[in-house]
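I have placed the structure first, in the form of structure tokens, so that the comments after it can refer back to it.
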Amino acid sequence: MLLIQNLHTDKEAIKLRLAKRGTDFSALIDHAIALDNQRKEIQTQLDDILAQSNQLAKSIGQLFAQKKIEEATLLKSETGNLKEQSSALNEALKSKEKELLEVLYQIPNSPNSRVPEGKSEADNTTVSNHGEKPILSQKLPHWELCEKYNLIDFELGVKITGAGFPVYRGKGARLQRALINWFLDKARDAGYEEIQPPILVNEASGHGTGQLPDKEGQMYHMPIDNLYAIPTAEVPITNMYRDVILKEEDFPIKNCGYTPCFRREAGSYGKDVRGLNRLHQFDKVEIVQIQHPEKSYEALEEMSTYVQGLLQELGLPYRVLLLCGGDTGFASAMTYDMEVWSAAQERWLEVSSVSNFETFQANRLKLRYKSSSGKNQLAHTLNGSALALPRIVASILENNQTAEGIIIPQVLRPYCGFDIIN
RNA sequence: GGAGAAGUGGCAGAGUGGUCGAAUGCACCAGUCUUGAAAACUGGCGUACUGAGAGGUACCGGGGGUUCGAAUCCCUCCUUCUCCGCCA
């Protein structure tokens, strides 16, 4: 959520930056400012009435103490009017605040100046390309390879749960475990503290990172206890810092965590959901940083470099995209996507998204730090996948297929305990 | 799941309807003293909204209520502790 104070002071600049998303948010911003001005006015009136009430109550108290019952009773009769006014104003204030919040919830983060203008993924900038696309004699898509080598059983998952809940078995399961462990070890080496968070979160956490209220339909919800299955470890890990005031020397905070992730993916169809391309349950190692505002873009680059290092070690051809305004996530100010080449599908698959949210999340989270001047200021939050498993697996299987079997990347062999799937 | 007790500032802890945003102690910050430190002394020491400022308002686990007035009374939810039950 954008800061209403910033909308007051930087209105035009923010409008200009938001325009890069390809949608005009001017009207919403003007509306928000108008609502906030109305809110302030009501607030001032209410404060004034409450001040009068408090004064009166104090006087009544004193009169009672002095046993001046009659005078006190007289004053009491004056309070009715004030009470009516204050409860009316209070209601007006609450509804105005709610109205304002609803408008603010609709305004996405304002993109960083380096973010290119554009409406859709077609307008993303390719920052770099790495590695060679393999030339294969046989090109089986990963879902056929999974069946051939009995690695992942999609239909068994349908039987047990439903589409998008695959069953990993044998070397398929071991490869999963190997990837998770390798990712976590690499993250730890890079200075990230390993976290094992809960994978069910409460409503407050959903609001903290912005999944609620707008993306409610994308999460699995357990109404009996009003808990949500996390769509990413970002939710529980970032929420560790909800309502926290950090010291400046606490920066940077670097956390990583492996969790299963659950996404309803309502509305997806076709080739996008084939095989491992899009699942309802998948595994991911996430990296999260809480940073000083002056250091957050440095951190973004560092995280991008880190993720690319993983892809290089896995030997997967990949490209880095700087997302355009329209494709940048709602809460993000700037996002790099890493996509790996899927040799049999002959398409790029997104395996990581590294974003700087600046204060957008911190504002909702009330995640602040005490600056050297002693003032509490919002921190910056960043996160990225490092990495999401399914598409990495798809890419390894497809790119490394040979007549003899699927060659396991060197770095994973000690973790897998085998070097080929055949 | 059942029964009981409790939740107050960074921590400890007083406060059971009226000058209480909250005593006191510890911690912390600044100053005095000291070559320096410690001790002692003096002062400061929560967050948010609002206002140019003085100030005003809200917050004593969350929400709601009673009252002229609530940390204090009532309802409800959450959390913690003790006992019982169940259980990886």
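Because only heavy atoms are used, hydrogens play no part in the values below, and waters and symmetry mates are left out as well, while side chains stay in. Here is the naming used below: chain letters follow the sequence lines, and residue numbers restart at 1 for every chain.
Between K76(A) and U67(B) there is no side-chain N or O to OP1 or OP2 distance below 4.0 Å.
Whole-Å rounding puts the E203(A) CD to C77(B) P distance at 17 Å. The separation between F64(A) atom CZ and G17(B) atom C1' is 12 Å, rounded to whole Å. Distance N90(A) CG to G65(B) P: 9 Å, rounded to the nearest Å. Rounded to whole Å, the distance from CG on L246(A) to P on G10(B) is 15 Å. Atom CG in D243(A) sits roughly 13 Å away from atom P in G10(B) (whole-Å rounding).
Distance from the side chain of K94(A) is smallest to G64(B) among U47(B), G64(B), C68(B).
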For nucleotides 48-57 of chain B, which of its nitrogen or oxygen atoms have a protein nitrogen or oxygen under 3.5 Å away, and what is each distance?
| residue | atom | partner | partner atom | Å |
| --- | --- | --- | --- | --- |
| A48(B) | OP1 | R368(A) | NH1 | 2.9 |
| C49(B) | OP1 | Q5(A) | NE2 | 3.2 |
| C49(B) | O3' | R39(A) | NH2 | 3.1 |
| C49(B) | O2' | R39(A) | NH2 | 3.1 |
| C49(B) | O2' | Q43(A) | NE2 | 3.2 |
| G56(B) | N2 | D47(A) | OD2 | 3.0 |
| U57(B) | OP1 | N54(A) | ND2 | 3.2 |
| U57(B) | O2' | D47(A) | OD1 | 3.1 |

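Results of the side chain to side chain contact (heavy atoms under 4.5 Å, CB included) test with T335(A) over N124(A), T328(A), V115(A) single out T328(A) as the only residue that passes.
Considering only residues two or more places apart in sequence or on other chains, M240(A) meets the side chain to side chain contact (heavy atoms under 4.5 Å, CB included) condition with I195(A), I237(A), N255(A).
Between H292(A) and Y369(A), the two ring planes are tilted [angle within 30° to 60°].
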Dot-bracket for RNA chain B, 5' to 3', with Watson-Crick and G-U pairs under 3.5 Å, [ ] for crossing pairs and | for other-strand pairs: what is it? ((((((((.[[[..)..(.....]]].(((((.......))))).(((((....))))).[[[[[..)....]]]]])))))))....
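Within 4.0 Å of K375(A), counting heavy atoms only, lies no atom of the nucleic acid at all. Residue K96(A) is out of contact with every strand shown, counting any heavy-atom pair closer than 4.0 Å.
Look at the P atom in both U79(B) and A88(B): the space between them is 24 Å, to the nearest Å.
Of the two residues contacting RNA chain B, namely S53(A) and Q62(A), the nearest-nucleotide position lying further toward the 5' end is that of Q62(A).
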